[in-house]
Amino acid sequence: MNAMWRLQVAFCTVSVLSLSSAGESKARSCSEVRQAYKAKGFSLLNVPLQEISGEHLRVCPQGYTCCTSEMEEKLNQQSKLEFESMVEESSRQMRTTFISRHKKFDEFFLELLDNSEKSLNSMFTRTYGKLYMQNSEVFQDLFTELKRYYTGGNVNLEEMLNDFWSRLLERMFQLLNSQYHFTDDYLECIGKIADVLKPFGDVPRRLKAQVTKAFIAARTFVQGLMVGREVANRVAKVNVAPACVRALTKMLYCPYCRGMAGLKPCHNYCHNVMRGCLANQADLDSEWNLFIDAMLLVANRLEGPDNIEAVIDPVDIKISEAIITMQENSMQVSAKVFQECGQPKPSGLSRSTRGIDMLNSRFRPYTPEQRPTSAAGTSLERMRVVWRTMQQSVNEIKERLEESKRFWSKLPDDICSEELTQPDEEQCWNSHTKGRYFPEVVKEGLTNQINNPEVDVDITRPDTLIRQQIMALRVMTNKLKNAYNGNDIYFQDSSDEGSSSGSGSGCTDSCTTELIFVGTEAPVIGTDRSDERAAAAAAGKSLSRGPSTLLVMSALTLLLWATQTQLR
């Protein structure tokens with residue numbers, strides 16, 4: 001009996017020791033987790049020293065755990081913050097490219113305009129002195145309007161150029177027929193038949209084509225850089241859904257709760273989580289790629305093949321050709337005008353040939369070897385230097401644009417780098433424990449997330465902000481494609497049967513060159529100088545004295561306009 005009792009005691013003792021040993025093996029130390037948790041900036045108050053039962057956990061596996069409910073909630077919030085930071089950091093370089101290149105291109109183009117205006121002012125002041133200075137407002141308005149067009153103002157570039165040629169025709173016609181007096185109505189009649197007269201030959205058409213293509217391309221390109229910047233900035237600020245936050249917490253911090261704080265997630269596991277969380281961003285990709293392709297098209301337009309050096313040399317010859325054509329055909333042009341508009345009244349003054357002689361001496365064609373090397377030549381050389389620098393900038397922009405293609409669909413790959421994930425498939429966190437991750441990686445895009453095993457994505461509710469940015473890119477891509485072809489698109493009115501209401505020649509007073517969509521705008525100069533332009537035009541009509549000088553001034557204005565043309 002004694003022996004039996006001792007045997008039972010011994011058996012119970014062994015059983016108790018065995019249970020004690022088993023309990024100790026399950027309740028492992030949480031020291032590694034406590035250290036990692038503290039490194040995140042959290043307090044260790046109420047953090048277990050050893051594993052506890054995990055029935056309270058809502059995201060992580062409910063086995064023995066080092067996490068309390070409070071810890072899981074804090075890690076939940078930390079997951080959201082870290083994900084937002086990862087997306088923003090991964091897109092930083094691309095977003096910075098749009099910001100810096102937009103600024104640089106804008107500065108170069110405006111510097112070209114400033115140099116052109118300074119060159120004209122210097123040349124005209126030196127050659128014509130006080131007479132030019134008294135009438136310089138006309139030319140200041142010209143450059144003001146060119147700048148206003150470029151920076152997004154409501155300026156119809158084609159109409160402005162047509163107006164220039166009309167005013168030049170008025171000046172020359174009065175010069176060549178100074179023995180007559182012409183009323184405003186008579187001059188208006190001349191303007192109406194200018195297209196039939198073609199007094200300057202084909203030069204206006206060629207120069208207008210160069211100028212409009214260059215400015216349309218430059219303005220649309222800089223708008224495109226700004227749109228790319230704004231879209232990228234908005235999309236990079238992700239809207240993190242609750243289902244995504246849970247999946248992120250499970251991937252990033254449930255290893256903490258299982259006592260494996262240093263264990264990284266499996267590579268494919270990370271891909272499924274990120275493709276679920278970034279499904280809407282991936283849907284932006286196709287429209288983004290079309291936008292980038294259109295930007296590259298316009299960048300090619302800005303580079304050439306007719307770059308500034310190839311076009312700027314013969315510009316002055318073209319201008320003199322236009323003036324000489326008008327002079328040589330003056331008898332026929334005058335006869336047609338008198339036939340269409342009536343015989344003007346004599347002015348009481350004899351016809352002066354002084355102005356015509358001046359034109360013949362100043363604007364005869366010359367060879368490139370005879371080109372002036374004065375201040376005007378120096379100014380042109382400065383513009384060439386600026387243009388070469390801008391071409392280099394355009395090349396750099398093209399390289400960066402190419403790199404940004406497929407950015408949004410590749411974003412999960414960029415985030416799930418070796419820095420975040422464990423390439424060893426047997427030594428990584430698979431959402432439950434350390435080991436291989438077996439589910440297949442789903443494709444990118446919202447509709448493909450119906451089969452995502454890690455993130456519960458509602459594929460019936462696309463993100464509103466992303467849809468708005470897709471529309472913004474679509475509008476800008478259309479503008480870029482039209483700019484490449486030399487068309488300036490403002491609005492597409494659905495009531496117009498197949499016709500655009502916003503070409504350079506069809507814009508009405510209601511047109512605007514601002515790009516309208518949520519969060520992205522084209523830059524606009526706030527001051528409308530239409531009243532000043534009208535006053536300047538009225539003053540110009542009264543300047544009938546010294547018509548030869550005004551004619552030359554107008555002709556040289558074309559030189560500077562054509563200089564801007566080389567920007568394409």
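Formation of a donor-acceptor pair under 3.5 Å by the Gln449 side chain with backbone atoms of Gly445 is found in this model. In terms of modelled atom types and a separation under 3.5 Å, the side chain of Glu72 and the main chain of Arg58 share a donor-acceptor contact. For Asn452 (side chain) and Asn272 (main-chain N/O), a donor-acceptor pair under 3.5 Å exists by modelled atom type. No donor-acceptor pair closer than 3.5 Å links the side chain of Arg229 to the backbone N or O of Ile99. The closest donor-acceptor contact from the side chain of Arg436 to the backbone of Cys266 lies at 3.5 Å or more, if one exists at all. In this structure, the side chain of Glu107 does not engage the main chain of His102 through any donor-acceptor pair within 3.5 Å. Judged by distance alone, the side chain of Arg34 and the main-chain N or O of Val47 form a donor-acceptor pair under 3.5 Å. Side-chain atoms of Trp429 come within 3.5 Å of backbone atoms of Lys250 as a donor-acceptor pair (strictly under, hydrogens ignored). The main-chain N or O of Pro439 is never found under 3.5 Å from a side-chain atom of Asn268 such that the two would form a donor-acceptor pair. Without hydrogens or angle criteria, Ser85 side chain to Leu81 main chain gives no donor-acceptor distance under 3.5 Å.
Contact annotation: the side chain of Met160 approaches that of Leu146 to within less than 4.5 Å [non-hydrogen atoms, C-beta and beyond]. Side-chain contact between Asp293 and Leu297: absent, with no pair of heavy atoms (C-beta onward) separated by less than 4.5 Å. Between Val231 and Phe291, every side-chain heavy-atom pair lies at or beyond the 4.5 Å cut-off. Side chains of Gln469 and Leu473 form no contact here, defined as non-hydrogen atoms less than 4.5 Å apart. Proximity of Tyr37 to Lys74: side-chain heavy atoms (C-beta onward) are separated by under 4.5 Å at one or more points. By the 4.5 Å heavy-atom criterion applied to side chains, Glu82 and Leu248 are not counted as neighbours. Side-chain contact between Ile466 and Arg234 is absent, with no heavy atoms from C-beta onward closer than 4.5 Å.
Cys60 does not pair with Cys67 as a disulfide, the SG atoms being 2.5 Å or more apart. Per the SG-SG cut-off, Cys257 and Cys66 are not bridged by a disulfide [distance not under 2.5 Å].
The CD atom of Glu399 sits 9.0 Å away from atom CZ of Arg101, with the distance rounded to the nearest 0.5 Å. Here CG of Leu252 is found 10.0 Å from CZ of Phe83. Values are rounded to the nearest 0.5 Å. Atoms NZ and CD1, on Lys410 and Ile415 in that order, are 13.5 Å from each other to the nearest 0.5 Å. In this structure, OH in Tyr150 is found 14.5 Å from CD1 in Ile216, a value given to the nearest 0.5 Å. Atoms CD1 and CZ, from Ile292 and Phe407 in turn, are 11.0 Å apart once rounded to the nearest 0.5 Å. In this structure, the separation between CE on Met295 and CD on Gln223 is 10.5 Å, given to the nearest 0.5 Å.
Of all non-hydrogen atoms in Val273 and Glu454, the two that sit nearest each other are CG2-CB, 3.9 Å. The two residues Phe105 and Ala218 have their closest heavy-atom pair at CE2-O, 3.8 Å. In this structure, Pro453 and Val442 approach most closely via the heavy-atom pair CD-CG1, 4.2 Å. Across Val33 and Tyr256, no two heavy atoms sit closer than the pair CG2-O, 3.0 Å. The minimum heavy-atom distance linking Leu420 with Cys270 is given by the pair CD2-SG, 3.8 Å. Nearest heavy atoms, Met71 versus Pro48: SD-CD, 3.9 Å.
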Going through the checks in order, is the salt bridge (Lys or Arg N to Asp or Glu O under 4.0 Å) test met by Glu396 and Arg400?
CA-CA 6 Å; Glu396 292 174 359; Arg400 297 293 183 270; over 6 Å; no
Could you check Asp414 against Met86 for side chain to side chain contact (heavy atoms under 4.5 Å, CB included), going step by step and ending with a plain yes or no?
CA-CA 9 Å; Asp414 295 338; Met86 282 188 282; over 6 Å; no
Lys103 and Leu225: side chain to side chain contact (heavy atoms under 4.5 Å, CB included), yes or no, with the steps?
CA-CA 9 Å; Lys103 184 174 183 293; Leu225 289 173; over 6 Å; no
Take Asp413 and His267, measure what side chain to side chain contact (heavy atoms under 4.5 Å, CB included) needs, and give me the verdict at the end.
CA-CA 9 Å; Asp413 299 342; His267 192 70; over 6 Å; no
Evaluate the side chain to side chain contact (heavy atoms under 4.5 Å, CB included) criterion for residues Thr65 and Leu57: first the C-alpha distance (whole Å), next the side-chain angles of each, then the deciding distance (0.1 Å), finally the verdict.
CA-CA 9 Å; Thr65 182; Leu57 297 179; 3.6 Å; yes
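For Arg28 and Tyr64, the positive end is not near the middle of the six-membered ring at less than 6.0 Å and at most 45° from its axis.
Between the side chains of Lys398 and Asn300, a donor-acceptor pair is found at a separation under 3.5 Å. Arg95 and Ser91 share a donor-acceptor pair across their side chains, judged by distance under 3.5 Å alone. Between the side chains of Asn482 and Asn478, at least one donor-acceptor pair of N or O atoms lies under 3.5 Å. Inspection of the Asn76 and Tyr253 side chains reveals no N or O donor paired with an N or O acceptor under 3.5 Å.
For Ile459, the CD1 atom is densely surrounded, since the number of other residues' heavy atoms within 6.0 Å is greater than 12. Under a cut-off of 6.0 angstrom, the local environment of CD in Glu440 is sparse, with at most 12 non-hydrogen atoms contributed by other residues, nucleotides or ligands. More than 12 heavy atoms of other residues, nucleotides or ligands lie within 6.0 Å of CD in Glu73, so this atom counts as buried by the packing criterion. Within 6.0 Å of atom NZ in Lys434, 12 or fewer heavy atoms from other residues, nucleotides or ligands are found, so the atom counts as exposed in its surroundings. Counted within 6.0 Å of CD on Glu88, heavy atoms from surrounding residues, nucleotides or ligands total more than 12; the atom is thus considered enclosed. Counted within 6.0 Å of CD on Glu426, heavy atoms from surrounding residues, nucleotides or ligands total more than 12; the atom is thus considered enclosed.
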Show every donor-acceptor pair shorter than 3.5 Å between a side-chain atom in residues 277-289 and any protein atom, with sequence neighbours excluded, or say none if there are none.
| unit_1 | atom_1 | unit_2 | atom_2 | d |
| --- | --- | --- | --- | --- |
| Asn280 | OD1 | Asp463 | N | 2.9 |
| Asp283 | OD1 | Leu446 | N | 3.3 |
| Asp283 | OD2 | Leu446 | N | 3.4 |
| Asp283 | OD2 | Arg467 | NH2 | 3.2 |
| Asp285 | OD1 | Trp408 | N | 3.0 |
| Asp285 | OD1 | Ser409 | N | 3.2 |
| Asp285 | OD2 | Ser409 | OG | 2.7 |
| Glu287 | OE1 | Arg474 | NE | 3.1 |
| Glu287 | OE1 | Arg474 | NH2 | 3.1 |
| Trp288 | NE1 | Ser404 | O | 3.0 |
| Asn289 | OD1 | Arg406 | N | 2.7 |
| Asn289 | ND2 | Asp285 | O | 3.3 |

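Contact check on Arg92 versus Glu89 returns a salt bridge, with a Lys/Arg side-chain nitrogen under 4.0 Å from an Asp/Glu carboxylate oxygen.
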